[in-house]
**Q** 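Sending over a structure as structure tokens; questions will come in a sec.
If you read the sequence from its start, that first residue is 1, and numbering goes on from there.
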Amino acid sequence: MGAPQPHEGTADRFAADPAFAVHEGGKLVVRPTRTIESTADLALTYTPGVARVSSAIAAEPALADRFTWAPRVVAVVSDGTAVLGLGAIGPAAALPVMEGKACLFSEFGGLSSVPVVLSTTDVDAIVETVAAIAPSFGGINLEDISAPRCFEIEERLRQRLDIPVMHDDQHGTAIVVLAALRNAARVVDRELGDLRVVVSGAGAAGIACTRILLGAGVGEIAVADSQGVLHPGREDLTPVKRWVAEHTNRAGYAGTMVGALEGADVYLGLSGGSVPESAIAAMAPGCVVFSLANPIPEVDPEMAARHAAVVATGRSGEPNQINNVLAFPGVFRGAIDAGATCITEEMKLAAAAAIAGVVGDEVRADYVVPSPLDRRVAEAVAAAVAGCAVQQGVTR
């Protein structure tokens, strides 16, 4: 039927905005890999020929990996509760974002993907729905699901399914942050184990970044939410935040995020809001500022550059853009190529090392992470992830 047309005599208010032209009619189609030009083609593509294939798979389920599309297709699943910087805008409004994610899977990872938006925010319903449709897919990319629900949904699906499951808002961000920090540490001639990091934000991305930085051996981390730095003495912590409090902040600091920045080596902003210049000026000499809120970073990049040796943001057009597209296409491609049954912490660390490695000896203050359009990245990440999966023995 095509896209709805404006009423006669009225102007199309979207015509002047090129973003709407890109999205009109949706951004995806499904195309067959075989043509049907004869009755013989029809008989092989559908009945009766397809019955022989289905019977073989029924007798030997592993044959589905060879004779269906499932192993090469990722489901991009969202309930529309944490979409970009827009918040809980619902499944219909989330669908253009999920379509865009599918375009990125195809463009950078060579994988087909299907957006699946759910008209429920109930954790049990989401888990059961995704588990029920999982036989159609080779991986599950969870997207734009609000915290703390996202942690439970991902964990329960990981336990239920034998295909890769990853909440990209958590782990895609974390992988790219670690890659950038590895190279930033080279720029300032420091080791990860010597760094004191302050993470602003204890949502999905903040928690995942903290976990991967701990796994990479970062020396000391303090994580702050809107009520201050997480520490075991706080009585308002969710189970996830309590785990963080018990594994970070060795000094037991109980003050504000701004106070924690005094003498810190790294600021990692994943929360929104704003940070005063005095707090950045109080950081250690040669500090690193990753201010990743979009569209407005917590720390103005020009201001940060007056005090920090390395500055990164989440914005396009700025040096050192921390963009998840550097991670998720290659992570899923590598996991699927290897026949991995899950995505492990070691596979995420391998992905981060691969992204950092693409920069290589060209590393400098304004180039600690590759461009999101660098076609070398997905290939390097896929190879590293696949190799790690095989080494760990988490493949079929």
**Q** One pair to check against side chain to side chain donor-acceptor pair (under 3.5 Å): Asn324 and Asp168. What are the steps and the verdict?
**A** CA-CA 8 Å; Asn324 289 17; Asp168 183 50; 3.1 Å; yes
**Q** Whether the side chain of Asn320 engages the backbone of Ala365 through a donor-acceptor N/O pair (distance < 3.5 Å, no angle test) should be reported.
**A**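 Pair found, side chain donor or acceptor close to backbone of Ala365.
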**Q** Do Leu195 and Phe290 belong together in a cluster built from hydrophobic side chains that touch within less than 4.5 Å?
**A**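 In one cluster with Leu195: Phe290, yes.
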**Q** Do Ser200 side-chain atoms and Gly269 backbone N/O form a donor-acceptor pair below 3.5 Å?
**A**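 No; judged by distance alone, with no hydrogens or angles, the pair does not exist.
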**Q** Side-chain heavy atoms nearer than 4.5 Å, only ILVMFWY residues, links allowed to pass through others: does that put Val198 and Val311 together?
**A**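 Not linked; separate clusters.
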**Q** Check the pair Arg156 / Glu152 against salt bridge (charged side-chain N to carboxylate O under 4.0 Å, His left out), numbers first and verdict last.
**A** CA-CA 6 Å; Arg156 287 172 59 180; Glu152 181 180 356; 3.0 Å; yes
**Q** Using side-chain heavy atoms (C-beta onward) and a distance below 4.5 Å, is Asn323 in contact with Val176?
**A**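 A side-chain contact under 4.5 Å is absent here.
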**Q** How far does CZ of Phe137 sit from CD1 of Ile133, to the nearest 0.5 angstrom?
**A**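 Those atoms lie 5.0 Å apart.
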**Q** Between Leu84 and Ile89, is the side-chain contact (heavy atoms from CB on, under 4.5 Å) condition met? List the steps.
**A** CA-CA 10 Å; Leu84 301 176; Ile89 60 176; over 6 Å; no
**Q** How long is the gap from CD1 on Ile57 to OG1 on Thr68, to the nearest 0.5 Å?
**A**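 Here the rounded value is 6.0 Å.
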**Q** Show the nearest heavy-atom pair for residues Ala134 and Ile163, with the distance to one decimal.
**A**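 Nearest pair, atom of Ala134 first, then Ile163: O-CD1, 4.1 Å.
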**Q** Are Glu99 and Lys27 within salt-bridge range, i.e. N to O under 4.0 Å?
**A**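 Counted as a salt bridge, because a side-chain N and a carboxylate O are separated by less than 4.0 Å.
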**Q** What about Leu214 and Tyr267, same hydrophobic cluster or not, with Ile/Leu/Val/Met/Phe/Trp/Tyr joined at side-chain heavy-atom distances under 4.5 Å?
**A**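 No, it is not one cluster - the side chains of Leu214 and Tyr267 are not joined through contacts under 4.5 Å.
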**Q** Is the CD atom of Glu277 crowded by more than 12 outside heavy atoms at less than 6.0 Å?
**A**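 Yes.
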**Q** Is it true that Arg34 and Asp41 have a side-chain N and a carboxylate O under 4.0 angstrom from each other?
**A**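 No, no charged N to carboxylate O under 4.0 Å.
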**Q** Between Lys348 and Glu345, does any side-chain N to carboxylate O distance fall below 4.0 Å?
**A**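 Glu345 and Lys348: salt-bridged.
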**Q** Contact between Val244 and Asn249 at the side-chain level, heavy atoms closer than 4.5 Å - yes or no?
**A**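 The answer is no; the side chains never approach within 4.5 Å.
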**Q** Give a yes or no on whether a salt bridge exists between Glu128 and Arg160, defined as a side-chain N under 4.0 angstrom from a carboxylate O.
**A**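 Arg160 and Glu128: salt-bridged.
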**Q** Look up atom OG in Ser271 and atom CD in Glu298, then write down how far apart they are to the nearest 0.5 Å.
**A**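 Rounded to the nearest 0.5 Å, the OG-CD separation comes to 4.5 Å.
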**Q** In Å, rounded to the nearest 0.5 Å, how long is the span from NE2 of His247 to CZ of Arg242?
**A**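 The CZ atom of Arg242 is 12.5 Å from NE2 of His247, to the nearest 0.5 Å.
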**Q** Under a 3.5 Å distance rule, please check whether Arg376 uses its side chain to pair with a backbone N or O of Ala380 as donor and acceptor.
**A**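 A pair under 3.5 Å: no.
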**Q** Count the heavy atoms of every other residue, nucleotide or ligand shown that sit under 6.0 Å from CD of Gln391, and state whether that count exceeds 12.
**A**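 Counting neighbours around CD of Gln391, 12 or fewer heavy atoms of other residues, nucleotides or ligands fall under 6.0 Å, so no.
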**Q** Should Leu111 and Val73 be marked as a side-chain contact (heavy atoms from CB on, under 4.5 Å) after you check the CA-CA gap, both sets of side-chain angles, and the distance that decides it?
**A** CA-CA 6 Å; Leu111 294 170; Val73 182; over 6 Å; no
**Q** Would Ser78 and Asp144 satisfy side chain to side chain donor-acceptor pair (under 3.5 Å), going step by step from the backbone distance to the final call?
**A** CA-CA 6 Å; Ser78 179; Asp144 292 349; 5.1 Å; no
**Q** Nearest 0.5 Å please: distance from the OG1 atom of Thr248 over to the CG atom of Leu213.
**A**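 Here the rounded value is 11.0 Å.
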**Q** Taking Leu373's backbone N and O only, do any of them form a donor-acceptor pair with Ser371's side chain (distance below 3.5 Å, no angle check)?
**A**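 Pair found, side chain donor or acceptor close to backbone of Leu373.
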**Q** Testing the basics here: between Val76 and Met98, what is the closest heavy-atom pair and its distance to 0.1 Å?
**A**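 Minimum heavy-atom contact is CG1-SD, 3.8 Å.
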**Q** Ignoring hydrogens and angles, tell me if any N or O in the side chain of Arg186 forms a donor-acceptor pair with the backbone of Gly360 under 3.5 Å.
**A**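 Pair found, side chain donor or acceptor close to backbone of Gly360.
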**Q** When you measure from the side chain of Arg182 to the backbone N and O of Ala356, does any donor-acceptor pair fall under 3.5 Å?
**A**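 Absent.
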**Q** Would you sort out whether Thr81 and Asp79 count as a side chain to side chain donor-acceptor pair (under 3.5 Å), showing the intermediate values?
**A** CA-CA 6 Å; Thr81 55; Asp79 64 358; 2.7 Å; yes
**Q** Could you tell me whether Asp189 atom CG has more than 12 heavy atoms of other residues or ligands within 6.0 Å of it?
**A**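 Incorrect, the count does not exceed 12.
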**Q** For the hydrophobic clusters of this structure (ILVMFWY residues joined by side-chain heavy atoms under 4.5 Å, transitively), does one cluster hold both Val114 and Leu142?
**A**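 Looking at the clustering, Leu142 is in the same group as Val114.
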**Q** Donor-acceptor pair, Thr395 side chain versus Ala389 backbone, under 3.5 Å?
**A**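 Absent.
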**Q** Strictly distance-based, threshold 3.5 Å: is any side-chain N or O of Asp366 a donor or acceptor partner for the main-chain N or O of Pro319?
**A**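 Checked: no pair found.
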**Q** Is there side-chain contact between Gln170 and Glu154, with at least one heavy-atom pair below 4.5 Å?
**A**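 Yes; the side chains approach each other to less than 4.5 Å.
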**Q** Do Met283 and His307 have side chains that get closer than 4.5 Å, going by heavy atoms?
**A**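 Answer no - side chains too far apart.
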**Q** With the side chain counted from C-beta on, respond yes when Asp225 and Val223 share a heavy-atom pair under 4.5 Å apart, and no when they do not.
**A**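 No, their side chains stay 4.5 Å or more apart.
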**Q** I need the minimum non-hydrogen distance between Leu161 and Ala131, along with the two atoms involved.
**A**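 Closest approach of Leu161 to Ala131: CD2-CA, 4.1 Å.
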**Q** Looking only at non-hydrogen atoms, find the nearest pair between Ala75 and Val116 and report the distance.
**A**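 That closest heavy-atom pairing would be CB-CG2, 4.5 Å.
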**Q** Are Asp65 and Arg72 close enough, and set up right, to give a salt bridge (charged side-chain N to carboxylate O under 4.0 Å, His left out), and what steps lead you there?
**A** CA-CA 9 Å; Asp65 286 352; Arg72 306 295 299 172; over 6 Å; no
**Q** Closest approach of Pro329 and Leu104, non-hydrogen atoms and distance?
**A**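 Shortest heavy-atom contact: CG-O, 4.2 Å.
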**Q** Ring pair (Phe, Tyr, Trp, His ring centres under 6.0 Å): which pairs involve residues 68-117, sequence neighbours left out?
**A**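 Listed once each, the pairs are Phe105-Phe328, Phe105-Phe332.
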**Q** I'd like to know whether Val275 forms a side-chain contact (heavy atoms from CB on, under 4.5 Å) with Ile280, so could you lay out the CA-CA distance, the side-chain angles of the two residues, the decisive distance to 0.1 Å, and finally the verdict.
**A** CA-CA 8 Å; Val275 178; Ile280 302 301; 4.0 Å; yes
**Q** Counting only heavy atoms not in Glu155, do more than 12 fall under 6.0 Å of its CD?
**A**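 Correct, the count exceeds 12.
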**Q** Determine whether Ile343 and Val390 fall in the same hydrophobic cluster, where Ile, Leu, Val, Met, Phe, Trp and Tyr are linked whenever their side-chain heavy atoms lie under 4.5 Å apart.
**A**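 In one cluster with Ile343: Val390, no.
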**Q** What's the separation between atom CD in Glu318 and atom OG1 in Thr313, rounded to the nearest 0.5 Å?
**A**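 The OG1 atom of Thr313 is 5.0 Å from CD of Glu318, to the nearest 0.5 Å.
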**Q** Carefully, step by step, assess Gln227 and Arg234 under the rule side-chain contact (heavy atoms from CB on, under 4.5 Å).
**A** CA-CA 10 Å; Gln227 303 304 309; Arg234 280 181 49 176; 3.5 Å; yes
**Q** Using a strict cut-off of less than 4.0 Å between a Lys/Arg side-chain nitrogen and an Asp/Glu carboxylate oxygen, indicate whether Glu60 and Arg66 qualify as a salt bridge.
**A**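 Looking at Arg66 together with Glu60, the answer is no, because their closest N to O distance does not fall below 4.0 Å.
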**Q** Any non-hydrogen side-chain atom of Ile212 less than 4.5 Å from a side-chain atom of Val177?
**A**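 Heavy-atom side-chain distance check fails, nothing below 4.5 Å.
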**Q** Quick one: does Glu362's side chain get under 4.5 Å of Tyr367's, heavy atoms only?
**A**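 They are in side-chain contact.
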**Q** Decide whether Glu143 and His167 meet the rule of one side-chain donor and one side-chain acceptor closer than 3.5 Å.
**A**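 Note: Glu143 and His167 side chains miss the donor-acceptor criterion.
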**Q** Please examine the side chains of Asp265 and Cys287, heavy atoms only from C-beta on, and report whether any two atoms are closer than 4.5 Å.
**A**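 No, every pair of side-chain atoms sits at 4.5 Å or beyond.
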**Q** Test Ser146 against Arg149 for side chain to side chain donor-acceptor pair (under 3.5 Å), laying out the working first.
**A** CA-CA 6 Å; Ser146 62; Arg149 299 157 51 259; 2.8 Å; yes
